[in-house]
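Ligands are counted one by one from 1 in listed order, and the atoms in each one are counted from 1 as well.
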Amino acid sequence: MENFSFYAPTYFAFGKDAENQCGQLVKRFGGSNVLIHFGGGSVIKSGLLDRVKKSLAAENIAYTELGGVKPNPRSGLVYEGIKLCREKKIDFILAVGGGSTIDSSKAIAAGAVYDGDFWDYYEGKPVEKALPIGTVLTIAAAGSEGSPDSVITKEDGMIKRGASGEAYRPKFSVLNPALTQTLPAYQTACGITDIIAHLYERYLTNTKNVEVTDRMIEALILAMVNEAPKVMANPNDYDARANIMWGGMMAHNNSCGVGRSQDWTSHNVEHELSALYDCAHGAGLAVAMPAVFTYTLQHDVMRFAKIAVRVWGCQMDFDNPERTAKAGIEALRNFLVSIGMPKNFAELGAKEADIEKLAHTCCYGNGNTSGKISGFTTLEQKDVEAIYRLML
Ligand code: NZQ
Ligand code: ZN
């Protein structure tokens, strides 16, 4: 295991009606003048926004509202939010929604206290300062409620990039599983796929002897595979929703990723797809993961065989471990299809003619002059093109 430090000080308020604690929580973490940021309207329709505002009003906390975050959040609204924060002297940002709303809030939080262009952070500048953020999560997926990361799409060129820094980690996150019961089935499945991807990206490591985190990852994937059919069959299954929600947080606050190298190839490959075609991140991952894993299998056949046996219940073929490894990838693909995820380029709305462009942006975008992406393996543009071809 490698040396590491781990400090993830987000306060979680978990359970039914937890959103009614918002006012007290904002106060506890020093907010008195809040920007409430939200998406395309689901939180208005469900009545959640009203409950959050009531909770703030009960503590005499002033607030300004900014809605309209789109999935794959855009830089345009971030600039608007930054301007609003300065005009209104906002001292706390409350994200009410999914990963897109939380990521947009994080970008606004950093941009509001920075003289330069917030996009600098998405070109590699470390995020060292930001307004404090709280979240009320409405979809178990991105894990942004407990992560120091944010992913934004710049309209100019439709470039999707991530930024990271401790200043981005939410001070508190409200996790009420009942809030996810209004999700369309497709979004629920996209979220579960993203959670599983966050676990696989950590499982694919070159670090030896990391049995504790290996076992944590395996357990979390197994739990997702067990709970997913329950929520697909019954969207109001509170306990299944609760397990998925906490699993989504655990999958990405890095408690399962410490002390080991990580992959992130599937995410790199996927981000180009959701940037160009505006597909859901989870849907893009459902198509990307089996292709990436098939292409990189030879790098460490036994690692893929191990997850095939321990998670997917495949029989270990000691004479031909590659067969076991491939059976595990097939089992993952079948599971994703069973919950309604797409399996190829066409179902995503992606085009074969764009493959060269997608692979080029993936390897050279954002000032990357090496032309390579590194994680579990190191890949060049020709490799990434081959991966996109496997998705056809
Ligand atoms: O906008 P509204 O009307 O709220 O509708 C949303 C949106 O259309 C809807 N929704 C959310 N909660 C709902 C609901 N509809 C009904 N009832 C509810 N309770 O679901 C749609 C998707 O929302 P979004 O916030 O986009 O989903 P998600 O949480 O999957 O976030 C995706 C974004 O997160 C990024 C992705 O790249 C993508 O841009 N990621 C962020 C990460 C991070 N910050 O750590 C890591 C991830 O790997 C990921 O890259
Ligand atoms: Zn993800």
Side-chain angles (χ1 to χ4, degrees), residues 8 10 19 37-49 67-75 77-78 95-107 122 127 133 135-154 158 160-165 168-170 173 175-202 231 235-236 241 244-245 248-249 251-254 257 262-275 278-286 288-289:
T10 301
E19 63 273 20
H37 200 30
F38 56 95
S42 72
V43 300
I44 298 174
K45 205 167 148 199
S46 67
L48 172 62
L49 188 64
V69 181
K70 291 186 177 143
N72 305 316
R74 311 296 151 89
S75 57
L77 194 64
V78 172
V96 185
S100 295
T101 294
I102 300 173
D103 287 2
S104 182
S105 299
K106 288 174 174 176
Y122 294 77
V127 186
I133 302 160
T135 87
V136 182
L137 187 66
T138 62
I139 172 173
S144 192
E145 67 277 13
S147 87
D149 311 316
S150 158
V151 186
I152 300 290
T153 299
K154 189 180 186 177
M158 292 308 276
K160 187 173 186 180
R161 290 292 176 263
S164 203
Y168 266 176
R169 206 183 279 276
S173 282
L175 270 54
N176 174 358
L179 298 177
T180 66
Q181 288 171 356
T182 54
L183 276 165
Y186 184 74
Q187 288 297 343
T188 297
C190 284
I192 291 166
T193 306
D194 194 16
I195 293 168
I196 290 175
H198 295 162
L199 294 162
Y200 260 94
E201 298 277 26
R202 291 178 166 91
V231 284
N236 294 324
R241 292 273 186 198
I244 292 169
M245 197 168 219
M249 202 299 294
H252 201 47
N253 84 332
N254 213 26
Q262 303 180 11
D263 188 10
W264 300 101
T265 303
S266 297
H267 271 69
N268 282 321
V269 164
E270 190 296 309
H271 280 165
E272 302 311 329
L273 298 171
S274 48
D278 207 14
C279 58
H281 172 60
L285 285 168
M289 277 191 287

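- Every atom of ligand 1 is numbered from 1 in the order shown, and the set under 4.0 Å from a heavy atom of Gln187 is 20 (O), 21 (C), 22 (C).
- No heavy atom of Ser46 sits closer than 4.0 Å to any atom of ligand 1.
- Nearest heavy atom pair, residue Ala8 against residue Asn253, reads CB-ND2, 4.2 Å.
- For the residue pair Asp103 and Ser144, a side-chain donor N or O sits within less than 3.5 Å of a side-chain acceptor on the partner.
- The parts of Thr138 lying near ligand 1 are both backbone and side chain, judged by heavy-atom distances below 4.0 Å.
- Contact annotation: for Leu179 versus ligand 1, heavy atoms closer than 4.0 Å belong to the backbone alone.
- Close approach to Pro73 involves these atoms of ligand 1, each under 4.0 Å from a residue heavy atom: 39 (O).
- When hydrogens are left out, the protein atom nearest atom 1 (O) of ligand 1 is Gly40 N, 2.7 Å; that is the closest non-hydrogen contact.
- Under the side chain to side chain donor-acceptor pair (under 3.5 Å) test applied with Ser274, the options His271, Glu270, Glu272 reduce to a single match, Glu270.
- At least one N/O-N/O distance between Gly41 and ligand 1 falls below 3.5 Å.
- The single protein non-hydrogen atom nearest to atom 4 (O) of ligand 1 is Ser42 OG, 2.7 Å, given as residue, atom name and distance.
- The number of heavy atoms from other shown groups lying within 6.0 Å of NZ (Lys70) does not exceed 12.
- Remark: ligand 1 and Gly39 share no N or O pair separated by less than 3.5 Å (distance only, no angle test).
- What sits closest to atom 34 (O) of ligand 1 on the protein, heavy atoms only, is Ala142 CB, 3.7 Å.
- Using a 4.0 Å cut-off between a side-chain N of Lys or Arg and a carboxylate O of Asp or Glu, Arg74 and Asp278 qualify as a salt bridge.
- Side-chain N or O atoms of Ser104 include none that pairs as donor or acceptor with a backbone N or O of Ser100 at under 3.5 Å.
- The distance from ligand 1 to the heavy atoms of Lys160 drops below 4.0 Å at these ligand atoms: 36 (C), 37 (O), 38 (C), 39 (O).
- In terms of polar-atom proximity, defined here as any N/O pair under 3.5 Å, Lys106 makes no such contact with ligand 1.
- Considering just the N/O/S atoms of Asp194, the one nearest the Zn ion (ligand 2) carries the name OD1.
- Thr182 and Ser46 are not linked by any side-chain donor-acceptor pair at a separation below 3.5 angstrom, with hydrogens and angles left out of the test.
- Side-chain contact annotation: Ser75 with Tyr122, donor-acceptor N/O pair under 3.5 Å absent.
- Among the backbone and side-chain atoms of His198, an N/O/S atom is found under 2.8 Å from the Zn ion (ligand 2).
- Nearest heavy atoms, Gly67 versus Leu77: O-CD2, 3.8 Å.
- Set against the non-hydrogen atoms of Asn72, the atoms of ligand 1 under 4.0 Å away are 38 (C), 39 (O).
- Judged purely by atom type and a 3.5 angstrom limit, Arg202 uses its side chain to pair as donor or acceptor with the backbone of Ala251.
- Contact annotation for Ala141 and ligand 1: only side-chain heavy atoms (C-beta onward) come within less than 4.0 Å of the ligand.
- Within ligand 1, the atoms closer than 4.0 Å to a non-hydrogen atom of His267 are 48 (O), numbered from 1 in the order shown.
- Contact analysis puts His271 in contact with ligand 1, with a non-hydrogen atom separation below 4.0 angstrom.
- At least one donor-acceptor pair under 3.5 Å links the side chain of Arg241 to the backbone N or O of Thr180.
- Relative ring orientation between His198 and His252 is described as parallel, the plane-to-plane angle staying below 30° on a 0-90° scale split at 30° and 60°.
- The ligand atoms of ligand 1 that sit less than 4.0 angstrom from a heavy atom of Pro71 are 7 (C), 8 (O), 26 (O).
- For ligand 1, the atoms lying closer than 4.0 Å to a non-hydrogen atom of Thr182 are 16 (C), 17 (N), 18 (C), 19 (N).
- Per-atom contact check: atom 39 (O) of ligand 1 touches the protein, criterion being a heavy-atom distance below 4.0 Å.
- Across Leu137, Ile139, Val136, a single residue satisfies side-chain contact (heavy atoms from CB on, under 4.5 Å) together with Leu179, and that is Val136.
- Closer than 4.0 Å to atom 6 (C) of ligand 1 lies none of the heavy atoms of the protein.
- For atom 35 (C) of ligand 1, the closest heavy atom belonging to the protein is Asp103 OD2, 3.7 Å.
- Under 4.0 angstrom from ligand 1, the non-hydrogen atoms of His252 all belong to its side chain.
- With atom 10 (N) of ligand 1 as the reference point, the heavy atom nearest to it among Ile195, Leu183, Leu48 is part of Leu183.
- Using modelled atom types, no side-chain atom of Asp194 and backbone atom of Cys190 make a donor-acceptor pair closer than 3.5 Å.
- Among the atoms of Ser100, some N or O lies under 3.5 angstrom from an N or O of ligand 1.
- Thr193 places no side-chain N or O within donor-acceptor distance of the main-chain N or O of Ala286, the cut-off being under 3.5 Å.
- The two residues Gly97 and Ile102 make their nearest non-hydrogen contact at O-CD1, 4.3 Å.
- Among protein heavy atoms, the minimum distance from atom 29 (O) of ligand 1 is reached at Gly99 N, 2.7 Å.
- What sits closest to atom 45 (O) of ligand 1 on the protein, heavy atoms only, is Ser147 OG, 3.0 Å.
- For Glu145 and Lys106, the salt-bridge test fails: no basic side-chain N is under 4.0 Å from an acidic carboxylate O.
- Distances from atom 36 (C) of ligand 1 to the heavy atoms of His281, His198, Gln181, Glu270 show the closest one on His281.
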